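Some notes on the structure that comes next.
Indexing begins at 1, ligand by ligand and atom by atom, following the structure's order. Just so you know, these numbers come straight off a predicted model, no measurement behind them. All values below come from the heavy atoms of this structure, side chains included, with hydrogens, waters and symmetry mates left out.
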Amino acid sequence: MYAITGATGNIGSKVADILLTRGEKVRVIGRDAARLQQFVRKGAVAAVGDLQDSTFLTEAFTGVDAVFTMIPPNYAAVDFRAYQNEIGTSIAMALTSARVRFVVNLSSQGADLPAGTGPIVGLRDQEQRLNALQGVHVVHLRCTYFMENLLMNIPLINQQGFAGSAVRGDQKFAMIATKDIAARVAEHLVKRDFLGKEVRDLLGQRDLSIEEAIAVFGRRIGRPDLKYVQIPYDEAAKGMVAMGISPDVSRLFVEMGKALNEGVFAAARPRTAENTTPTSIEQFADIFAQAYFSSHVNKAA
Ligand SMILES: NC(=O)c1ccc[n+]([C@@H]2O[C@H](COP(=O)([O-])OP(=O)(O)OC[C@H]3O[C@@H](n4cnc5c(N)ncnc54)[C@H](OP(=O)(O)O)[C@@H]3O)[C@@H](O)[C@H]2O)c1
């Protein structure tokens, strides 16, 4: 049996599906029973509750062979780092109380850096928190920028006719599809092929710039002239707040964007066959196109 946190999210949902398809026993964790039903129908057991509730989590983690842990985003958080620490502590306490032996933990590129990386500092704290646990084998997957982040351009394309964010358009960096992360998570859960505390980088199929990614998407959606525009940091922060993201989270996202623009993530980790994953931006363009076209159907409805 495997316990999956964030089971209705980008990565957790795909991990649950992979394991269920393989006939494994899965306990899916989330706050909403209705959203977990899709997995229950396929044979999973639902654990409905909040990651901040360590007693609930202890029960959800008890009797499993391995756990997939992650700290979900909370775009409304007034103090995002405090929120991350609260969830992280609750997870760590529950792992200990439930005597879990193997943990696959979702981390991020930049978790090796002490500051200047926005929300990633919270994932660094969580790596250290889990590294302090005795008798638990943990692998931290330091994933690069999710290709799914690029879906956030769709409202801007619909409203303004261009894509944009605070990230430099011509800066090449690693991008990964979350289905590739989920495949690695599932493999580590089942094989439990890590000892003590380990770190693995996951860098996607290749490095590329956002301009290149948007050009691929533009061709795929029949807008070959689609442009990407870098938005100044203060305007980007204001735009995020206007979208309902808290000022603190917006500030941290801008800090992360600056770190990406300055190339600080790339320094420590050369690309290898092991940290390269299969899905290309050209393949991900199908997902982008599906989301783009359904945003039009939804608007028309
Ligand atoms: N975006 C990137 O480029 C990037 C790169 C590297 C690492 N990361 C890290 O990846 C993580 C996000 O992964 P993701 O995209 O798979 O997440 P996601 O899609 O946002 O899913 C998170 C899930 O967690 C559940 N959740 C939220 N708050 C909860 C709570 N208090 N208690 C219980 N469940 C809760 C939600 O499900 P319910 O609403 O159903 O409860 C949600 O579906 C973050 O830690 C982020 O820092 C992101």
Non-hydrogen atom of N74 closer than 4.0 Å to ligand 1
no
Of the protein's non-hydrogen atoms, which lies at the shortest distance from atom 1 (N) of ligand 1, and what is that distance?
N149 OD1, 3.0 Å
Do me a favour and list the nearest non-hydrogen protein atom to atom 35 (C) of ligand 1 with residue, atom name and distance?
R31 NE, 3.5 Å
Find out whether F56 and I29 are in side-chain contact, i.e. whether some heavy atom of one side chain is under 4.5 Å from a heavy atom of the other.
yes
Option of least heavy-atom distance to atom 47 (O) of ligand 1 (set: I29, I71, L123, I11)
L123
Quick one: does P73 get within less than 4.0 Å of ligand 1, heavy atoms only?
yes
Considering non-hydrogen atoms of the protein only, which is the closest contact for atom 43 (O) of ligand 1, and what is the distance?
T8 OG1, 2.7 Å
Are the aromatic ring centres of F80 and Y75 under 6.0 angstrom apart?
no
Please state which part of R35 comes within less than 4.0 Å of ligand 1, counting heavy atoms only: side chain, backbone, both or neither.
side chain
Look at the aromatic rings of F284 and F217 and report parallel, tilted or perpendicular, splitting at 30° and 60°.
tilted
Can you check whether Y2 reaches V67 side chain to side chain, under 4.5 Å on heavy atoms?
no
Would L141 and I91 show up in the same hydrophobic cluster when neighbours are defined by side-chain heavy atoms closer than 4.5 Å?
no
What residue and atom, counting heavy atoms only, is the protein's closest point to atom 23 (C) of ligand 1, and at what distance?
G6 CA, 3.6 Å
Using a strict threshold of under 4.0 Å (side-chain N to carboxylate O), is an ion pair present between D17 and K14?
no
Within-shell test, G122 vs ligand 1, heavy atom, strictly < 4.0 Å
no
Applying the 4.5 Å side-chain criterion to the ILVMFWY set and letting contacts propagate, would M147 and I154 be lumped into a single cluster?
yes
Distance to 0.1 Å, residue and atom name: give those for the protein heavy atom nearest to atom 12 (C) of ligand 1.
M70 CE, 3.7 Å
Could you check atom 32 (N) of ligand 1 against the protein and tell me its nearest heavy-atom contact, residue, atom and distance included?
L51 N, 2.9 Å
So which atom in D180 and which in P278 form the shortest heavy-atom distance, rounded to 0.1 Å?
OD2-N, 3.4 Å
Only one of V103, L106, N131 passes side chain to side chain contact (heavy atoms under 4.5 Å, CB included) with H140; say which it is.
N131
Looking only at distance, does S107 have an N or O less than 3.5 Å from an N or O of ligand 1?
no
Which protein heavy atom lies closest to atom 21 (O) of ligand 1, and at what distance to 0.1 Å?
G9 CA, 3.1 Å
Does some non-hydrogen atom of A7 fall short of 4.0 Å from ligand 1?
no
Protein contact of atom 11 (C) of ligand 1 - nearest heavy atom, named by residue and atom, plus distance
L106 CD2, 3.5 Å
Region of N10 engaging ligand 1 - heavy atom pairs below 4.0 Å:
both
Quick one: do R129 and E86 make a salt bridge, cutoff under 4.0 Å?
no
